[in-house]
Amino acid sequence: PTRWQDDAIHTTAEVLHALLEAGVRPEVLENGIRWLLEARVGGDRWRSTRDTAAAVELLAAYVRQTGDLGTGKPVTLTVAGKTLWSGPVTREAAPDGRLVFELPAAALTPGTSVRVDLDCPEGTASAGVALRFHETGPAIAASEAGFRVTRRFFRLASVEQEGQVVVERTPVSETLPSGTLVECEVTVETDRRREYVMVTSPQAAGFEPARETGLDVPDRRPATEARKDARDDRTMFFVTRLPPGTHVFRHVLRATHAGAYTALPAMAELMYFPDVRGNGDGELWQITPAGPVGEGR
């Protein structure tokens, strides 16, 4: 979209907010509120900062009008007819505002339904459910719509060269022993000047973020200056202005859990116009149990 009127999420939030301020009863707007919540990507975020700001501003006004924060409402979680949890939503049960359940693999057989029953004798209440799982499958193919993105991985090992300890970078792919320190290098190419770019590098489930090494790494290109946000499942880079050309972004991971994993591809997009984007290829990884130091088995 080139204007906020062309953005369905932003437009809906602004219109609902205007209706609320004009005196329309909150219960009349419930379906619109629910639609906004369901429009979140992955159940936890909207597409852009602009969408998020408009939606949060509306939801804050909605809560002020209703005075209902949802506390004390009974919730029942049922999977395949079996009740896994039942009780009121309280600060003790959900200290960070979320009720989190880890479902055993046996409970998620093909055709199984996950049902949440929300019992609200008085007032109003709503529930959002995000089901997350990891499954090894075909890697996603690369695509370009304004950015060309590639990602490479390098094993980092401390070695002595000419009396100094430095970090040796060795390209790796597909198989790693548990405990290996890995540098992920994301390359982003653009043919024109861009503003407010977000680069995201998801990590496979068997990896954990690691601290940057403080040793010298010979023959490594300089990385593009960016604000970095390292999370449990991905590392994100934010760049205000990105000139035409090739840009490099790096972060460090450690292989921790043995198994076979599919990694989502690295991607780059404009924060306010996410249709201008690109992603690299996904990867398949095999992490082997650690044997002797530095070796897999």
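Start at 1 with the first residue, then count along the sequence.
Linking ILVMFWY residues whenever their side-chain heavy atoms come closer than 4.5 Å, directly or via other members, leaves V159 and L181 in distinct clusters. In the hydrophobic clustering of this structure, I9 groups with I33; members are Ile, Leu, Val, Met, Phe, Trp, Tyr whose side-chain heavy atoms approach within less than 4.5 Å, directly or through other members. Hydrophobic clustering places V149 together with V239 (ILVMFWY residues linked when any side-chain heavy atoms are closer than 4.5 Å, directly or through intermediates). Grouping the Ile, Leu, Val, Met, Phe, Trp and Tyr side chains by contacts below 4.5 angstrom, directly or via other members, places L59 with W35. Cluster annotation: M236 is connected to V276 through the hydrophobic network of ILVMFWY side chains, with a link wherever side-chain heavy atoms come within less than 4.5 Å.
Looking at W46, its side chain does come within 3.5 Å of a backbone N or O of L36 through a donor-acceptor pair. A donor-acceptor pair is defined here as one N or O able to donate and one able to accept, closer than 3.5 Å; no such pair exists between the side chain of R277 and the backbone of A268. A donor-acceptor contact shorter than 3.5 Å is absent between the side chain of T262 and the backbone of L284. The backbone N or O of V248 sits nowhere less than 3.5 Å from a side-chain atom of T187 that would complete a donor-acceptor pair.
R40 places none of its side-chain heavy atoms less than 4.5 Å from the side chain of R45. The closest side-chain heavy-atom distance from R193 to P244 is below 4.5 Å. Using a 4.5 Å heavy-atom threshold, the side chains of E30 and Y62 count as touching. For the pair D281/P265, no side-chain contact is recorded, criterion being any heavy-atom separation below 4.5 Å from C-beta on. Counting heavy atoms from C-beta on, the side chains of R152 and R169 never come closer than 4.5 Å.
Applying the side chain to side chain donor-acceptor pair (under 3.5 Å) rule to T190 yields the partners R194; only residues at least two apart in sequence or on another chain are considered. The ring-ring contact (aromatic ring centres under 6.0 Å, His included) check on F154 picks up nothing, with sequence neighbours excluded. In this view, F147 satisfies the ring-ring contact (aromatic ring centres under 6.0 Å, His included) rule with no residue, not counting sequence neighbours. Under the rule for a side chain to side chain donor-acceptor pair (under 3.5 Å), Q65 has no partner lying at least two apart in sequence or in another chain.
The nearest pair of heavy atoms linking E212 to V252 is OE1-CG2, 3.1 Å. Here the closest non-hydrogen pair linking P26 and T66 is CB-CG2, 3.6 Å. Of all heavy-atom pairs between N279 and A141, the closest is ND2-O, 3.1 Å. Minimum heavy-atom separation, E195 to L270: O-CD2, 3.6 Å.
Distance check: D51 CG to H10 NE2 gives 7.5 Å after rounding to the nearest 0.5 Å. Between the CZ atom in R250 and the CZ atom in F237 there is a gap of 10.0 Å [rounded to 0.5 Å]. Atom CZ of F249 sits about 12.0 Å away from atom SG of C184, to the nearest 0.5 Å. We find the CG-OG1 distance between L58 and T12 to be 9.5 Å, quoted to the nearest 0.5 Å. Rounded to the nearest 0.5 Å, atoms CZ (R192) and CG (L242) are 13.0 Å apart. Remark: L253 CG to T235 OG1 distance equals 6.0 Å, nearest 0.5 Å.
Annotation: E21, atom CD; neighbour count of heavy atoms from other residues, nucleotides and ligands within 6.0 Å is above 12.
In summary, E183 and R220 engage in a salt bridge, as defined by a charged side-chain N under 4.0 Å from a carboxylate O.
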For residues 199-211, dump all side-chain donor-acceptor pairs below 3.5 Å to protein atoms at least two apart in sequence or in another chain.
from : atom 1 : to   : atom 2 : distance (Å)
S201 : OG     : R151 : NH1    : 3.0
S201 : OG     : H251 : NE2    : 2.8
Q203 : NE2    : D232 : O      : 2.6

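The stretch residues 174-204 participates, sequence neighbours left out, in these ring-ring contact (aromatic ring centres under 6.0 Å, His included) pairs: Y196-Y272.
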